[in-house]
Structures are given as C-alpha cells and as structure tokens.
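Just below is one structure, and these are the notes that go with it.
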Amino acid sequence: MSSQKLLLENAHIEGIRYYDVYRKNGGYRSVEKALKMAPDEVVEEVKKSGLRGRGGAGFPTGMKWSFIAKPEGVPRHLVCNADESEPGTFKDRYLMEFLPHLLIEGLIVSSYALGSNVTYIYIRGEYAWIPDILEQAIAEAKANGFLGKNILNSGFDCEIYVQRGAGAYICGEETALIESLEGKRGNPRIKPPFPAVKGAWDRPTVVNNVETLAAVVPIINIGGEEYAKIGVGRSTGTKLISACGNINKPGVYEIDMTISVEEFIYSDEWCGGIKSGKRLKACIPGGSSVPILPANLLLKTAKGESRIMNYESLSDGGFATGTMMGSGGFIVLDEDQCVVKHTYTLARFYRHESCGQCSPCREGTGWMEKLLLRLDQGQGKLSDIDLLWDIQSKIEGNTICPLGDAAAWPVAAAIRHFRDEFEWHITNAAEAQTRNYGLAHYADPLPVSEPVAV
Amino acid sequence: MADEIKQEPPANFKVTIDNVTLDVPPGTTILQAARLIGGDVTPPAMCFYTPLKGSGGKCRTCLVEVSKGSEKDPRPMPKLVASCRTTVMDGMEVKSITSERVINARNSVVEFLLINHPLDCPVCDQAGECHLQDLSYEHGKAGTRYEFKRRTFKKHNLGKYIQLHMTRCILCYRCVFTADQLTNKRQHGVLDRGDHAEIATYIEKSLDNQFIGNVIDVCPVGALTDKTFRFKNRVWFTKPVDAHRDCPNCCGKVTLWERGNEVLRVTARKDQWGEILPAEDGKTGWICNECRFEKKDINDWVIEGPMKVARHSVIGANHYEVLDRPKETISAVMGGRAPKLLMDIHSISEVNDPGVDLSKIPGPATGAVFNREKVIEEKKD
Ligand SMILES: Cc1cc2nc3c(=O)[nH]c(=O)nc-3n(C[C@H](O)[C@H](O)[C@H](O)COP(=O)(O)O)c2cc1C
Ligand code: SF4
Ligand code: SF4
Ligand code: FES
C-alpha cells in the first residue's frame, strides 16, 4: 500500500527550491486562501485537522495555538523550531533543504493565524548551509508580495528572520530556544509562566516544529476535515520519518501512519529490509530519547497485535512494553550491534548536552556515562546495573526540563529489555571485548497472554 | 464612613503542609509558607534566595509533593515540584517530610550534589556555615556509591578580595544573579554547560564594582570566599556581633565576626535562612566592599550587640563532637602520633591564642604565625 504524500509530494521536481517552480506547482495557494479567512478560522481548521506537534511531544497544535494570550498592544511571536539535534532525526533538514518555500508558506499562514508580525526560524548552528537557502526563499517570497507589508492587500504585515544557534541540543527545548533567541545563555526556563503567556521578550509566543508548520499548508489547502481523514485515530495526516541505522535504504519518508512497523522496515518502498541480510535486533523508533525496543516487542505489541507506525500503537504498553513516536527519528540496530555500547554513546551525548542548571541532570548524566563506559570496557560490576537503574530513576521527573527524562529513558529501557546483555558484559568481560552478544533471544516470539475469561 | 474607600484585602489562601494548615496571601510560594511553619517541615533550599529575582528552581533540594492542587482543582500534581518556585493555591495540600517520595528525592539530590564535591571541609573557610555541609549531615549517607575521579577546576583569584574555588561550586547561580542585579556590567557568569559548566572570569569584569563582595555572602558553599578572612579562623570560634557605621555607599549595617576585640570578617546581616536581611530603614541589606573588606578596626564601627539571629549549623550544634573517632587505628598508621584534627579542636587548638593578632597578618594564619612555645599542652587521658 502506498502512502499519500502531502509534504513531499513535489520534492522530486527539478528546481522546486526556487519560487517560480514552487509557485507554478501550486505553491502559496494556502496563503491566498487563509488571508481571506479570519485568523480564528485558520486556527479552527488546524484544530479540526487533529494535527499534533511533530517536534516530539505530540501536543495538539490547534489547541496550543488557542492558548496564546492576547493582551492589548503586546506583539505576539511565532518561532519555528529548526534546532533538530535529536540523534537520529534529520527530517526537518530535508524539508528545509529541498522545500524551503513549503516552510515559509506554512510560516506565513501560521503567523497570520496567531497574529505574529515578526516570526523567527531558530536553526541549529551545524546546519550551516541551510540559513542561506531559507533566506533566499524569504527574499523571493517577499519580492512576490507574500511577505512584508500588507500581504496580498489583506492588511497583514509579516517578516521572517532566520536566527542561527551555536550548536546546542538543549536550545531545541522551547524555553531554552527563546532564551538563546534573546541572545542569552540557552538555559531552559522554569515553567510557569509558559511561552504562550510570556515567551520571547516576555511576549506571548508559540514555538512549533518545522514539520508541524509545514503541515499547515496542506491542512489549509484540503481543509482540516479532509486532513483528519488520513491516518487513524488521533494520529491524523502524514508524518515524516527519518530512517537510519542498519537498513538498506536510509532516508526521509512520508508515511500516513497506517502502515505497520514491519512493513516500514522490510518493504522496498521504505527501508528495504536490514542491510546485508542480517536480522533485526532492536530499534529506537522516535529519536534517541524514546525507549529502545527489542525486535519482538517492536513488531508486535504485548497483546500480540501488529505494531503500527503511529502515536497510539507505538506507545501501546507504556514504557513497560512500548515506546514513543517522538520526533520520528527511526534508528534500526541489527544483530551485530551492542546495546551496552549503544547506550553508552547516548549517555555520553546527554551528558555533553545537559545545560547543567539542575543537579540531578548535571550530575546524574555524568555518573551514568562513567558507569556505562566502565561496563562497555568490561570493567563493570553486577551492582553497576542496579546503580544505573537507581540513578536514572532519580533523574526522571525531578528536573527543570525534559532533557533529564530524555537522558534517563534510554538507559532505563536498555536495562529493562536487554539486562541479559548487560550482565553478559560483566560475567564474560574478556569475551565481550572481542565479540558482540548478538541477537540472542531478542527476536523470539513473545508468549501472548490469554485474555482473562470474565 | 462615606469617605472611606473600602478596600477589601485580597482573600488569603488556605494551604496545608504536612498536616499543618495556615493562611497566606496569594502569591506566596510553598517554600515561604513552609518557612512560616518552620522546623523540619521547611524544605532545604540551596539555590533560591528571596532578595534575588529569578533565583530558585535549580538545585532541586526543595522538591515537595502536591497531593491536592487546590480546592477548585483537587487533582494531585504528578511530579514533585520545586517549592521555591511554586505558588500556593487555595486549598492546596503539600507533603514535605510526610512523603516518602520527597525524602527519597531529597536524599538523591544530596547524593548528586556530593558526588563531585571535593569534601575538603577541613581546609574550607565555609565549614561551619556551609549549607551543603548541613544538608549532607541531615540528608546524606555516610558512604558514597561514586567510584570515579571527582571533577576539579583550578582556583581563581577574582581580584583582590575574592577567591573562587570552582571545584566546590554547586552551580546555584546565586552569585550570577547577584552580580547581574547589583552591578550593571555583566550578563552571564556561567561558561560551558552540563557537569563541565563553570562560574567563570566574565565575573572578573565587574570585580571593581563596590557591591561585588556580596557574591561571597550569597554563596551557599565555600566556592566564593573572602580573601581577607582566608584561613584566619574557623567561623565557630568567632563571635558575631551586629554593628553599623555611617557609610556613603550602602546601609552600613553589618555583622562583625570577632575574636577578642579583633574584627576578622565583615558580612551582611542574614536571617535564619542565610538570606540578606533588609535594613530597618527599608534600604537593601547589601553591603559595599569598603565596609566588607577595609573596615577591620573595631573603632570603625558602632557595636549594637550580639547577632540576633540564631545560626544553625551542624558544627555549631556540636554534631561533630559526638562522632566516634577512630583513635586506635589512626594513631597506629601515623606512627603513634595522635592526629590533631581528630582531637577536641575546641580545647586544644592554638588559633584562639589571644597573643596573636590575626587581623594584622597579611595572609592566612598558619602554624608559623603562632609562637610555637605557647602551644597548649596536649591533653592526656
Ligand atoms: C532537550 C530537548 C530538545 C528538543 N529539541 C527539539 C528540536 O530540535 N526540534 C523541535 O522541533 N522540538 C524540540 N524539542 C521540543 C520542543 O521543546 C517543543 O516541544 C517543540 O518545538 C514544540 O513544537 P511542536 O508542538 O510543533 O512539536 C526539544 C525538547 C527538549 C526537551
Ligand atoms: S534537565 Fe538538564 S538540560 Fe534541562 S534544565 Fe535541568 S540540567 Fe538543564
Ligand atoms: S560560586 Fe557559589 S554562589 Fe556562585 S553558583 Fe557556585 S555555589 Fe552558587
Ligand atoms: S531551592 Fe528550590 S530548587 Fe533550589
């Protein structure tokens, strides 16, 4: 079954990066349509569409927009979060690089809906070549009357500015992003107040992901109700997945959230199966922060149902047997990968990226990294596993921002599902330095619990 | 009656903390309310500092459980919240020491704060008035589960008067807020991030400011210390008295830390939570560098009397005296010599020898300063 494409439909067209080609292929229609509607009607369409934030948390976008405070005489801002730094996630980069006008179009419509006359794109410093692409698109849009003063004679003014970050994962957290945008150190703020009330320069601010804002374009074009018909349940519309790891066809795919994980990994239309004919061991389906799952729990839920690539199905079973949709960074591990080393790599990342404001995250991430390095190098003790579990449980929920949780979850999930492998690294320390634990039983079918007779 | 404009005072909120109910004005934080109750119910606070705008929320020692959000919305809050940054709602119910989750979280925060701490209390000037020392005594465990090299930083001289021992810093950001709010030149004091973040030399830029000395007073640990007091004496041997002078720069109301008739140190006046007290005339209680570092003669000051606020510290409370000292084993490894540190420092130490004017010597007071012949005979028992 082929998925319907709403975002990447025209990505293959030669020159779609430039205004003329983009416009000829139906670009900026949504601006023409939206500016004839009242801003609240645009918000209403987005609500009807069921669109959920694509930055990781999956919060309903229309609802988020309706929370924005509107004090008299105070400007409001829309900020596009293009900090995309979650390991495994590279969908926003693809979108901005190949379809910059789609983002700009989405930004104009969304700015209109929210009443933002000055809108920012905050982009991670490492995407060094993309600001030029975006700024060129902004200049083209402006030259053609889609930005600037009195857009299409609607009376609506809008400017978009691109702000480059300096390369910090934490600046993707919305309040840290706002601090950084204001020119300060990117420390997350203590909430409340929430950005919708006091954001950039203390003005009401909405921060949305690149993909979220791009999705506003098809929503306005086809209408919120039509958009909501795509997908299932509360997973409406299409989702970009950046697939990487040991697969034959890594890349960015647009799916409509009805296909199964198994199909996504093995079908030639998507990932094309595991590289070199190896077997699937584990997967992190939503970017490095979401729990890793062994093959058996990835493909089937604990109830024995096939797992589908959408918000509900991926999180089926909670953290005990499920995971999360997250940002859509789909990382596949084959039987040759070592979960201990992998977990260490992630722990090192979070230690390096913690802003250091709150004690549990600042100290706990460093401690976990040191323990995991020791385990990986075959110098660990069995008690280290319990200690790791204890540390992660003491970080989770006790910090200012979700980076603490994001650092704790991968460690918790790795120990929860791959404890045998951790223990083997300790009990067979010398061997563990020369070979991997392998697939072990991680792909074995799980016993399905019989439904309890009532 | 007719002339009187009736202004209804805003209705107070009822809040219950560990089964104690009290009325507080809207806008009160849980921590402030708990401080009104006092005693064990009050969460420890290592980063919040009432006079500093924006402080708090960082150290996480003050976490509490909100078991009932408010009368209107009685749902409990799913996560523990920082009591210093959470305002009370009418009908809110809070658990501090009656919640096992809170006790666990608090103990773990103490553990986190200590894993990279140098634990150099014996050579630290802050000992005896260090909030981390008190906190670890009250919530910490005796052993450590951390088996790695502790993080270290180089010592820095931040100008003539202040020394920075970054290794002891708990990154509470109080000094950053102080420098930000009392001086006009700096924005940031923290460089780098995560466990390698440090309070750094940007701070030096504002060091010539008359009020920068206040960073010493707000620092809960021995990371920022007064170089004019460095190693002169242990705070628990000094006598705090309140005094004032007519100062052109600041309120001039201070606490002198005396030894005999010598002024060893000058600090701002603090309340029982270690926070700067506002001066009675409504001025801020922050003091200037001149008062703090340059007025060390008793004749500079008008003495008011002993410091009014009862200080609390584990050393002040003599907790350390009742410790079991490993006398036998230690003297064995030291070749039969009894180590001084483990003896009763209150009776045998020479640092209170009134024949030596500590405030007159330029550097720290070392053994060489004292007349070795006058060393009090070792107690034998
Ligand atoms: C540590 C951390 C990093 C984050 N990085 C990003 C990011 O790079 N891009 C992004 O869109 N959201 C990121 N987020 C989520 C944002 O805080 C915010 O929820 C999101 O931008 C909201 O947009 P959405 O509602 O459109 O998803 C991050 C969150 C955390 C805690
Ligand atoms: S959880 Fe980590 S990244 Fe977030 S504010 Fe605390 S220290 Fe900074
Ligand atoms: S130096 Fe002291 S006041 Fe400054 S952040 Fe460190 S512990 Fe806090
Ligand atoms: S005192 Fe509340 S978090 Fe530090």
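Please read these numbers as outputs of a predicted model, since none were measured by experiment.
- Note: K58(B) leads K79(B), K58(B), R85(B), R151(B) in heavy-atom pairs under 4.5 Å with chain A.
- Contact count against chain B (heavy-atom pairs under 4.5 Å) is highest for P360(A) among G366(A), P360(A), G364(A).
- In terms of heavy atoms, D195(B) sits closest to R351(A) at OD1-NE, 3.1 Å.
- For the pair N398(A) and V109(B), the minimum side-chain heavy-atom distance is 4.5 Å or more.
- Using a 4.5 Å cut-off between heavy atoms, K191(A) does not touch chain B at all.
- Contact record, G56(B) with I190(A): O-CD1, 3.2 Å, taken as the closest heavy-atom pair.
- Among the candidates G356(A), S354(A), P192(A), the residue making the largest number of heavy-atom pairs closer than 4.5 Å to chain B is S354(A).
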Evaluate the criterion salt bridge (Lys or Arg N to Asp or Glu O under 4.0 Å) for residue pair K370(A) and E147(B); output intermediate values, then yes/no. CA-CA 9 Å; K370(A) 291 194 177 83; E147(B) 301 171 325; over 6 Å; no
Would N107(B) and K394(A) count as a side chain to side chain contact (heavy atoms under 4.5 Å, CB included) here? Give the steps. CA-CA 10 Å; N107(B) 292 348; K394(A) 284 171 172 165; over 6 Å; no
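- Of all heavy-atom pairs between I170(B) and R362(A), the closest is O-NH2, 3.2 Å.
- With a 4.5 Å cut-off on non-hydrogen atoms, Y173(B) touches chain A through its side chain but not through its backbone.
- In terms of heavy-atom proximity, C59(B) sits nearest to S359(A) at O-OG, 2.6 Å.
- The two residues F112(B) and I395(A) have their closest heavy-atom pair at CZ-CG1, 4.0 Å.
- At a 4.5 Å heavy-atom cutoff, the contact between D192(B) and chain A is made by backbone atoms alone.
- Using a 4.5 Å cut-off between heavy atoms, R374(A) touches chain B through its side chain atoms alone.
- Heavy atoms closer than 4.5 Å to chain B are found nowhere in S393(A), neither backbone nor side chain.
- In this structure a side-chain-to-backbone donor-acceptor pair under 3.5 Å is missing from R145(B) to L387(A).
- Side-chain atoms of R193(B) come within 3.5 Å of backbone atoms of H352(A) as a donor-acceptor pair (strictly under, hydrogens ignored).
- With a 4.5 angstrom heavy-atom cutoff, I170(A) does not touch chain B via any of its atoms.
- Of the two parts of L171(B), the backbone and the side chain both hold a non-hydrogen atom closer than 4.5 Å to a non-hydrogen atom of chain A.
- The environment of CE in M166(B) is crowded: more than 12 heavy-atom neighbours from other residues, nucleotides or ligands sit within 6.0 Å.
- Within a 6.0 Å sphere centred on NZ of K68(B), heavy atoms belonging to other residues, nucleotides or ligands number more than 12.
- Heavy-atom distances place both the backbone and the side chain of E353(A) under 4.5 Å from chain B.
- Within 6.0 Å of CG in D40(B) there are 12 or fewer heavy atoms belonging to other residues, nucleotides or ligands.
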Using side chain to side chain contact (heavy atoms under 4.5 Å, CB included), reason through E363(A) and E111(B) one step at a time and then give a plain yes or no. CA-CA 9 Å; E363(A) 305 296 344; E111(B) 182 174 29; over 6 Å; no
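- Here the straight-line distance linking atom CD of Q357(A) with atom SG of C47(B) works out to 9.5 Å at 0.5 Å rounding.
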